[in-house]
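Throughout, a chain's letter reflects where its sequence line sits, starting with A, and its residues are numbered from 1.
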Number of protein chains: 2
Amino acid sequence: MNQPGESLRDRKKRRTRAALERATVRLSAERGYDHVTVEEIAAEADVSVRTFFNYFASKDEALIGADPEAGPRMAERVLAAPDEVSPFEAYRRSVLAEITDELNNARDLWLLRKEVLMQRPDLLVRAFANSAQYEQLLADAVGRRAGLPEAHLYPRLLVAAGSAAFRCAVTRWAVDDDVALGDLVSEAFDLFGTGLAHVPKHHHEGGS
Amino acid sequence: MNQPGESLRDRKKRRTRAALERATVRLSAERGYDHVTVEEIAAEADVSVRTFFNYFASKDEALIGADPEAGPRMAERVLAAPDEVSPFEAYRRSVLAEITDELNNARDLWLLRKEVLMQRPDLLVRAFANSAQYEQLLADAVGRRAGLPEAHLYPRLLVAAGSAAFRCAVTRWAVDDDVALGDLVSEAFDLFGTGLAHVPKHHHEGGS
DNA sequence: GGATCGTTTTGCAGTCACTGCAAGTTTGCA
DNA sequence: TGCAAACTTGCAGTGACTGCAAAACGATCC
């Protein structure tokens with residue numbers, strides 16, 4: 001009875017994971033990240049503290065809702081992109097796909113996260129640090145696609161730029177969210193794509 | 001008798017700080033970062049555990065030897081660069097200056113750190129997370145120089161790219177240190193400067 | 001050579017994230 | 001129904017980190 005891809009067990013796991021993520025974000029937004037203990041989070045989600053740590057390796061991860069499949073998924077997308085697409089574009093698309101998916105599924109959570117990240121911008125960086133392994137995975141995918149040797153800087157830089165793009169976009173989005181997060185990430189990628197050597201023209205009331 | 005800038009007190013503080021940094025790096029390289037306790041580090045440096053935490057906010061910081069003055073110093077350099085220099089170039093130079101200074105003063109420490117960071121690449125990212133405040137400071141400096149409004153993505157991205165450049169360069173350097181770290185950082189900056197949209201040509205036996 | 005004042009060091013008690021282990025409980029399957 | 005595998009839980013322990021109040025120390029003034 002688990003052909004549809006979801007056994008009872010799987011469903012329960014997904015729910016527990018979601019509940020923990022949600023509890024972490026909600027409580028942190030309410031009282032501030034470090035005035036919330038894992039004990040409280042676990043209680044809110046109706047599981048034991050030990051179970052919390054079966055799902056997330058750290059409180060940080062739970063706040064961001066780190067999805068262990070996101071890395072591999074993106075790597076796969078990078079490799080699966082059509083041949084005529086550049087490595088840069090392939091990577092950019094896989095990041096954007098991931099983000100729009102995420103926002104479509106949990107926009108409300110991200111609005112709460114924003115509150116937390118405004119107080120503690122370092123948490124986002126720290127969260128990315130946990131996924132250093134996936135960075136390697138992604139860099140390998142990009143490197144393969146670009147036909148570069150293992151040690152070349154380019155794949156690493158591109159992936160790191162992706163993290164940076166996301167991070168900066170969120171920071172900017174937190175300041176004022178008139179613009180969609182996806183658009184900001186896209187804009188950041190454009191800047192990385194065309195190079196940072198020159199200050200981009202910026203259009204505002206008055207012109208340059 | 002403290003006109004020369006260094007009272008006995010100041011000298012002692014500098015020594016203690018250096019001893020703690022050195023002990024952290026040495027022991028971590030020897031036994032692995034998380035098989036070393038702060039207690040052992042403090043003992044090695046001949047101070048109490050509590051004193052360790054008077055100097056460094058965390059074990060992570062001690063490993064990297066986070067210099068609280070580095071951020072402000074770089075910001076100042078960015079603002080002090082000659083007028084005809086672009087914000088990008090100004091920032092690049094201030095990063096490189098900082099790195100070469102650091103390497104000249106403590107190359108041996110960095111060779112040990114390399115060992116540790118090879119095992120635990122996430123530590124470098126985490127260390128940068130602590131200096132999120134300085135990122136803001138630097139971004140403001142760059143933004144001012146570029147004449148961009150507060151909220152613009154460019155300054156943030158440039159600074160984040162700097163971190164990424166350093167991080168990737170160290171990772172690459174750890175793999176094989178035939179190339180000087182400074183050169184690698186410089187190369188990374190070049191890539192960011194000219195844009196990541198296209199895969200850089202890479203010269204090797206056989207040509208493209 | 002003190003007396004004094006500000007700074008640094010220290011010990012201590014406490015909190016909290018996180019881990020390994022060894023049951024217990026639930027789910028999947030025959 | 002019953003067994004095996006997967007999940008949950010409690011427990012005991014480690015270790016990072018904090019606040020506080022007392023002690024040690026360095027600078028300064030007489």
Would you give me the side-chain donor-acceptor pairs under 3.5 Å for residues 94-101 of chain B, sequence neighbours excluded?
| unit_1 | atom_1 | unit_2 | atom_2 | d |
| --- | --- | --- | --- | --- |
| Ser94(B) | OG | Tyr91(B) | O | 3.0 |
| Glu98(B) | OE1 | Arg73(B) | NE | 3.4 |
| Glu98(B) | OE1 | Arg77(B) | NH1 | 3.3 |
| Glu98(B) | OE2 | Arg73(B) | NE | 3.4 |
| Glu98(B) | OE2 | Arg73(B) | NH2 | 2.5 |
| Thr100(B) | OG1 | Leu96(B) | O | 2.9 |
| Thr100(B) | OG1 | Ala97(B) | O | 3.1 |

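For Leu20(A) and dT8(D), the CG to C1' distance is 12 Å, given to the nearest whole Å. Regarding Arg9(B), its CZ atom lies at a distance of 16 Å from the P atom of dA24(D), rounded to whole Å. At whole-Å resolution of the value, CZ in Arg11(B) and P in dT7(C) are 19 Å apart. The CG atom of Leu8(B) sits 12 Å away from the P atom of dT8(C) (whole-angstrom rounding). To the nearest angstrom, P of dG26(D) lies 14 Å from NZ of Lys13(B).
Rounding to the nearest 0.5 Å gives a distance of 8.5 Å between OG of Ser28(B) and CG of Leu123(B).
When all heavy atoms are compared, the tightest approach of Ala75(B) to Ala141(B) is O-CB, 4.0 Å. Taking all atoms of both residues into account, the shortest heavy-atom contact from Leu191(A) to Leu153(B) is CD1-CB, 4.3 Å.
Cation-pi check for Arg107(B) over Trp110(B) is not met; the charged atom does not lie both under 6.0 angstrom from the ring centroid and within 45 degrees of its normal.
A 6.0 Å sphere centred on CZ of Arg31(B) holds more than 12 heavy atoms belonging to other residues, nucleotides or ligands. Other residues, nucleotides and ligands contribute at most 12 non-hydrogen atoms within 6.0 Å of the CD atom of Glu76(B). Within a 6.0 Å sphere centred on CD of Glu39(B), heavy atoms belonging to other residues, nucleotides or ligands number 12 at most.
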Show each protein N/O and nucleotides 11-13 of chain C N/O combination with a separation under 3.5 Å, one pair to a line.
none

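Applying the side chain to side chain donor-acceptor pair (under 3.5 Å) criterion to Ser186(B), with sequence neighbours excluded, gives Arg92(B). Taking the ring pair (Phe, Tyr, Trp, His ring centres under 6.0 Å) definition, one finds that Tyr154(A) meets it with nothing, sequence neighbours left out.
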request  = Check the pair Arg50(B), Asn54(B) against side chain to side chain donor-acceptor pair (under 3.5 Å), reporting the backbone distance first and the verdict last.
outcome  = CA-CA 6 Å; Arg50(B) 196 60 187 79; Asn54(B) 286 340; 3.2 Å; yes
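The stretch residues 24-47 of chain B touches DNA chain D through Val36(B), Thr37(B), Val38(B), each having a heavy atom under 4.0 angstrom from the strand. Shown for residues 52-65 of chain A: residues whose heavy atoms fall under 4.0 angstrom of DNA chain D, namely Asn54(A), Tyr55(A).
At dT26(C), none of the side-chain N or O atoms of Lys12(A) fall inside 4.0 Å of OP1 or OP2 (strictly under the cut-off).
Side-chain proximity of Thr51(B) to dT10(C), dG26(D), dA6(D): nearest is dT10(C).
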